[in-house]
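Before any comments, here is the structure.
From a predicted model like this one, the values you see are computed outputs, not experimental measurements. FYI, side chains are in, hydrogens and waters are out, and symmetry mates aren't considered; it's all heavy atoms of this structure. Counting starts at 1 for both ligands and their atoms, in listed order.
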Amino acid sequence: MPKPGELTFVAPRGAKPPRHLADLSPAERKEAVAELGEQPFRAKQLSNHYFGRLSDDPATWTDIPAGSRGKLTESLLPELMSVVRHVSCDDDATRKTLWKLFDGTLVESVLMRYPDRVTMCISSQAGCGMNCPFCATGQAGLTRNLSTAEIVEQIASGMRDLKSGAVPGGEARLSNVVFMGMGEPLANYNRVLAAVRRLTDPAPDGFGLSQRGITVSTVGLVPAMYRFADEGLSCRLALSLHAPDDELRDELVPVNTRWKVDEVLEAAWNYADKSGRRISIEYALIKDINDQAWRADLLGRLIKNRRVHVNLIPLNPTPGSKWTASRPEDEREFVRRLQAHGVPTTVRDTRGQEIDGACGQLAAAG
Ligand code: SAH
């Protein structure tokens with residue numbers, strides 16, 4: 001028997017997340033408010049509190065009469081997710097959050113403080129359907145797409161905590177967002193794109209973050225990459241390449257069996273041309289698998305003289321994986337060869353490794 005007050009509601013399988021202000025465009029917000037019998041200008045007031053002031057406490061929204069406030073909050077600002085826990089490391093400069101969504105689904109996001117910026121890494125799906133064998137998220141498969149507001153709320157919550165000083169290190173503002181948490185963002189295209197608009201539309205329509213500070217990372221879903229290029233955004237596109245040859249990439253990034261290395265790179269250059277931004281090529285260095293000098297040369301030849309930057313990621317350990325990070329001398333040689341081709345190359349620092357919060361480690365285990 002459940003105790004009195006215990007949460008007994010279990011969402012039916014396939015139920016949709018409740019509708020939230022952050023799901024809606026400014027025009028849709030006006031309509032939704034009018035449908036509730038409220039004046040359309042209340043939509044702007046609500047947006048100003050949620051996006052402009054980062055306030056999630058309706059009791060302080062005194063420009064809206066109390067009666068309307070209750071109705072508007074109930075219908076447009078339902079609680080979408082709750083924090084199961086925060087875990088920190090790197091002297092509190094990295095904080096991972098485990099979220100529980102309305103139907104019990106778990107997802108994670110990571111907030112990283114640097115001397116000159118704050119970056120949040122967010123999830124776009126619960127789980128992932130891309131099945132890359134070296135990535136922990138891929139191992140459990142896809143649970144479901146996140147709604148736009150479920151994506152946005154990860155950021156909103158981080159921004160509120162930064163503003164109030166709840167994140168160790170004192171007050172700060174969010175500068176960058178990377179869609180590099182759980183999921184393949186371009187496989188949840190419409191919701192991710194709407195989330196990008198909410199993040200970057202000027203306040204009070206959205207949070208007013210710079211498009212240049214947003215990175216969308218993809219395994220290489222070619223048609224969606226072309227579509228994304230036509231949105232007229234100046235976001236950065238990261239391509240998880242991991243191998244320069246189809247034989248190995250077919251294994252490391254299974255979607256390569258559908259869209260090959262040359263097609264995926266063409267789609268990336270098209271994005272670079274349209275957006276004016278350099279493509280970021282992600283390449284996890286895996287010992288004796290993809291870190292040979294000849295592969296560095298092959299990659300260098302494929303991408304030299306392009307608008308590109310290579311981000312090498314020392315492989316992070318994941319449960320049950322037989323692979324490990326490259327030897328330091330192989331990593332150095334890989335960097336040297338790419339640079340010899342004139343390709344800007346950096347090795348990413350592996351923030352959050354000991355809390356399973358680094359690249360490829362998000363598994364959202366309760
Ligand atoms: N699905 C998208 C977004 C996830 S981004 C994508 O793949 O691009 C997460 C990044 O971390 C990707 O580049 C992914 O390939 C990389 N990654 C996955 N597992 C990793 C691991 N064990 N070590 C290092 N990087 C990993």
Side-chain angles (χ1 to χ4, degrees), residues 96 107-110 112 119-143 145-146 151 154 176-189 191-192 195-196 214-222 224-225 228 235-243 248-249 251-256 258-259 264-265 267-268 271 279-287 289-291 309-326 331 334 346-364:
K96 182 173 86 164
V107 294
E108 292 179 321
S109 59
V110 185
M112 290 159 282
T119 301
M120 277 196 78
C121 176
I122 56 164
S123 295
S124 56
Q125 299 183 310
C128 184
M130 298 299 126
N131 209 18
C132 304
F134 55 92
C135 176
T137 310
Q139 300 321 296
L142 176 67
T143 305
N145 284 325
L146 300 193
I151 299 170
Q154 296 169 59
N176 298 73
V177 173
V178 297
F179 283 80
M180 291 191 180
M182 302 172 79
E184 165 53 40
L186 295 188
N188 187 15
Y189 190 92
R191 296 177 193 92
V192 164
V196 170
I214 313 276
T215 300
V216 173
S217 183
T218 181
V219 289
L221 304 185
V222 165
M225 289 167 73
F228 192 52
C235 298
R236 189 184 289 286
L237 182 68
L239 171 63
S240 295
L241 195 67
H242 304 308
L248 180 58
R249 195 165 191 268
E251 188 186 346
L252 295 182
V253 185
V255 77
N256 195 70
R258 178 74 180 77
W259 293 290
V264 118
L265 287 176
Y271 185 85
I279 297 296
S280 175
I281 299 240
E282 314 291 296
Y283 198 107
L285 279 175
I286 314 177
K287 184 177 153 190
I289 300 290
N290 65 353
D291 62 355
H309 170 266
V310 174
N311 228 317
L312 297 172
I313 319 172
L315 188 80
N316 292 306
T318 56
S321 172
K322 49 186 189 287
W323 291 323
T324 56
S326 301
E331 180 183 297
F334 208 92
T346 48
V347 179
R348 182 180 287 172
D349 71 343
T350 50
R351 280 284 188 105
Q353 226 192 55
E354 61 273 37
I355 55 171
D356 286 342
C359 302
Q361 293 186 313
L362 300 183

Ignoring angles and geometry beyond distance, decide whether E282 reaches within less than 3.5 Å of ligand 1 through its nitrogen or oxygen atoms.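 No, E282 has no N/O under 3.5 Å of an N/O on ligand 1.
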
Indicate yes or no: does an N/O atom of F134 lie under 3.5 Å from an N/O atom of ligand 1? yes

Please write down residue, atom name and distance for the protein heavy atom closest to [atom].
atom                    : result
atom 4 (C) of ligand 1  : G181 O, 3.7 Å
atom 9 (C) of ligand 1  : M180 O, 3.6 Å
atom 13 (O) of ligand 1 : S240 OG, 2.6 Å
atom 19 (N) of ligand 1 : G360 CA, 3.0 Å
atom 11 (O) of ligand 1 : C359 CB, 3.4 Å
atom 14 (C) of ligand 1 : H242 NE2, 3.8 Å

Least distance between heavy atoms, P314 atom then R348 atom: CD-O, 3.5 Å

Please give me the minimum heavy-atom distance between A267 and V222, naming the atom from each residue.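 Result for this residue pair: CB-CG1, 4.2 Å.
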
With atoms numbered from 1 as shown, which atoms in ligand 1 lie under 4.0 angstrom from a non-hydrogen atom of [X]?
X    : answer
N316 : 21 (C), 22 (N), 23 (N), 24 (C)
V219 : 6 (C), 7 (O), 8 (O)
C135 : 18 (C), 19 (N)
T318 : 22 (N)
I313 : 24 (C), 25 (N)

Within the 4.5 Å heavy-atom criterion, are N311 and H309 side-chain neighbours or not? yes

With a 4.5 Å cut-off on side-chain heavy atoms, are L252 and I286 touching? yes

Answer yes or no for Q361: is there a heavy-atom contact with ligand 1 below 4.0 Å? no

What part of L315 sits under 4.0 Å from ligand 1 if we count only heavy atoms: the side chain, the backbone, both or neither? both

I need the contact type for T218 against ligand 1. Using non-hydrogen atoms and a strict under-4.0 Å cut-off, is it side chain, backbone, both or neither?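 The backbone, only.
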
Given the rule in the side chain to side chain contact (heavy atoms under 4.5 Å, CB included) test, do L239 and L265 qualify, once you have shown the distances and angles that lead to the verdict? CA-CA 9 Å; L239 171 63; L265 287 176; 4.0 Å; yes

I want to confirm something. Looking only at heavy atoms, which of G183, C128, A238 is nearest to atom 1 (N) of ligand 1? G183

If only atom types and distance count, is the side chain of N316 paired as donor or acceptor with the main-chain N or O of G360 below 3.5 Å? no

Main-chain N/O of D356 paired to K96 side chain as donor or acceptor, under 3.5 Å: yes

State whether a side-chain donor-acceptor pair under 3.5 Å links T218 with E184.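 Yes, because at least one side-chain N or O of T218 sits under 3.5 Å from a partner of the opposite role on E184.
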
Run the side chain to side chain contact (heavy atoms under 4.5 Å, CB included) check on V216 and L186 step by step: do they pass? CA-CA 8 Å; V216 173; L186 295 188; 4.0 Å; yes

I'd like to know whether S240 forms a side chain to side chain contact (heavy atoms under 4.5 Å, CB included) with V253, so could you lay out the CA-CA distance, the side-chain angles of the two residues, the decisive distance to 0.1 Å, and finally the verdict. CA-CA 8 Å; S240 295; V253 185; 5.6 Å; no

Is the ring pair F228/Y189 parallel, tilted or perpendicular, if the boundaries are 30 and 60 degrees?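 Rings of F228 and Y189: perpendicular, as their planes differ by over 60°.
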
